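Encoded as structure tokens, the structure appears first; notes follow it.
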Amino acid sequence: GTITGTLGTLASGASATVTINTTVSSSATGTITNTASAIATQTDTNGSNNSATQNTTLNSQVDLAVTKTDGLTTVISGNNLTYTITVTNNGPSVATGVTLTDTLPATLTPVSNTVSQGTASFGGQTYTANIGTLNPGQTVTATIVATVVGTASGVISNTATATSVQTDSNNTNNSATDTTTAQRQTDLRIAKSDSPDPVIAGNQLTYTIIVNNDGPSTASGVTVTDVLPAGVTFVSASATAGTVANASGTVTGTIGTLASGGSATITIIASVD
């Protein structure tokens with residue numbers, strides 16, 4: 001780190017220039033102080049100007065770049081999405097206090113998360129990764145797993161943003177947004193039984209109808225229709241969800257909404273002719 005220029009002979013009034021090229025450490029902070037001194041064989045009449053000092057103030061500057069993807073264009077409501085997020089420091093300085101934040105929309109429910117450096121956690125819907133220090137050229141990867149709520153439909157938009165203590169030379173790439181279209185998909189399953197069986201003519205017969213939503217999305221506008229056969233007369237009906245009505249032997253249960261894994265039961269009592 002000590003540079004010596006052996007200039008040789010300098011005539012009175014002559015000068016010589018020494019140029020030193022250096023690279024500032026990417027982690028350096030504060031002020032750089034550098035002093036050069038000249039000596040000769042002869043006695044110097046003014047030693048006060050034989051040295052010169054240059055002070056340089058250091059300003060750290062980084063360029064954090066964020067990418068984000070879930071690898072999907074569409075997702076079925078009720079299923080999981082996995083977001084992969086990268087944060088890269090394009091330099092030239094070391095980035096400190098790097099933080100990645102991502103607030104999930106109401107259509108997503110947090111499940112799990114990881115980060116390849118530092119610590120990460122969810123506070124409500126907001127994911128925060130305290131990454132710490134990123135050297136120039138270094139990349140950190142974070143993942144977020146979230147469940148799309150069963151009622152979601154349409155575009156889900158989600159943005160991740162990285163910040164650091166240092167000034168960022170390019171703020172246009174500090175955030176990344178991923179959009180995915182949610183589509184609802186259900187599997188209704190119905191079962192029906194009667195009691196008693198066999199039944200005595202002139203007595204009452206009870207039909208029990210159970211409708212299940214095997215998901216993965218929430219089913220809405222669920223309706224169950226039962227046309228009673230000849231030989232039976234409607235007496236009454238009830239439902240564990242929604243309403244039920246009879247119109248000339250056609251029993252209609254307006255269930256409404258069934259969450260994934262949910263079920264509703266309709267009970268119909270009829271008189272056997």
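Residue numbers start at 1 and run along the sequence shown. As a basis for the values below, the full set of heavy atoms in this structure was taken, side chains included, without hydrogen atoms, waters or symmetry mates. In this text, all values refer to a predicted model and were calculated from it rather than measured experimentally.
- Note: Leu188 CG to Thr223 OG1 = 10.0 Å, rounded to the nearest 0.5 Å.
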Given Thr96 and Thr133, is the side-chain hydrogen bond (donor to acceptor under 3.5 Å, both in side chains) satisfied, shown in steps?
CA-CA 4 Å; Thr96 60; Thr133 299; 5.9 Å; no

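- The shortest heavy-atom contact between Leu64 and Ala95 is CD2-CB, 4.1 Å.
- Of all non-hydrogen atoms in Ala65 and Asn90, the two that sit nearest each other are CB-ND2, 3.7 Å.
- Of the N and O atoms on the side chains of Ser271 and Thr233, not one donor lies less than 3.5 Å from an acceptor on the other residue.
- Considering all non-hydrogen atoms of both residues, Ser260 and Pro216 come closest at CB-O, 3.3 Å.
- The side-chain contact (heavy atoms from CB on, under 4.5 Å) test with Val148 is passed by exactly one of Leu108, Thr109, Thr180: Leu108.
- Exactly one of Leu205, Thr206, Ile209 qualifies for a side-chain contact (heavy atoms from CB on, under 4.5 Å) with Asp194. That residue is Leu205.
- Taking the side chain as every heavy atom from C-beta outward, Leu100 and Asp102 never approach each other to under 4.5 Å.
- Counting only distance, with no hydrogens or angles, the side chain of Asn113 and the backbone of Ile144 share no donor-acceptor pair below 3.5 Å.
- Gln204 contributes atom CD, which lies 13.0 Å from atom CD1 of Ile268 (distance to the nearest 0.5 angstrom).
- Considering only heavy atoms from C-beta on, Ser164 stays 4.5 Å or farther from Leu134 through its side chain.
- You'll find the side chain of Val145 stays beyond 4.5 Å of the side chain of Thr143, heavy atoms only.
- Between the Asn158 side chain and the Thr103 main chain, a donor and an acceptor come within less than 3.5 Å of each other.
- Residues Leu104 and Tyr127 are not in side-chain contact: their nearest non-hydrogen atoms beyond the backbone lie 4.5 Å or more apart.
- The CZ atom of Phe122 sits 9.0 Å away from atom OG1 of Thr128, with the distance rounded to the nearest 0.5 Å.
- Closest approach of Ala182 and Ile156 over heavy atoms only: CB-CD1, 3.8 Å.
- Residues Ile210 and Asn212 meet the side-chain proximity criterion, which asks for heavy atoms closer than 4.5 Å.
- To the nearest 0.5 Å, atoms OG (Ser116) and CD1 (Ile131) are separated by 7.5 Å.
- Heavy-atom contacts from other residues, nucleotides or ligands closer than 6.0 Å to CD1 of Ile20 number more than 12.
- Here the CG atom belonging to Asn213 is positioned 5.5 Å from the OG1 atom belonging to Thr186, to the nearest 0.5 angstrom.
- No donor-acceptor contact under 3.5 angstrom links the side chains of Ser220 and Thr257, judged on distance only.
- A side-chain donor-acceptor contact under 3.5 Å links Asn55 and Thr33.
- Taken together through direct or relayed side-chain contacts under 4.5 Å among Ile, Leu, Val, Met, Phe, Trp and Tyr, Tyr83 and Leu72 form part of one hydrophobic cluster.
- Panel note: side chain Thr240, backbone Thr265; a donor-acceptor pair is recorded below 3.5 Å.
- Taking 4.5 Å as the limit, every side-chain heavy atom of Asn89 sits out of range of all side-chain heavy atoms of Gln138.
- Distance OG1/Thr31 to CD/Gln54: 11.0 Å, rounded to 0.5 Å.
- Under the 4.5 Å side-chain criterion, counting only non-hydrogen atoms from C-beta, Asp226 is in contact with Lys192.
- The shortest non-hydrogen separation linking Val232 to Ala270 is CB-CB, 4.0 Å.
- Nearest heavy-atom pair across Thr35 and Ser51 is CG2-CB, 4.2 Å.
- Side-chain contact between Ile255 and Ile266 is present, with heavy atoms from C-beta onward closer than 4.5 Å.
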Please determine whether side-chain contact (heavy atoms from CB on, under 4.5 Å) holds for the pair Thr208 and Ser195, giving the CA-CA distance in whole Å, both sets of side-chain angles, and the decisive distance to 0.1 Å.
CA-CA 8 Å; Thr208 302; Ser195 178; over 6 Å; no

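- A donor-acceptor contact closer than 3.5 angstrom is absent between the side chains of Ser77 and Gln185.
- Under 4.0 Å is where a charged nitrogen must lie from a carboxylate oxygen, and between Asp178 and Lys68 no such pair does.
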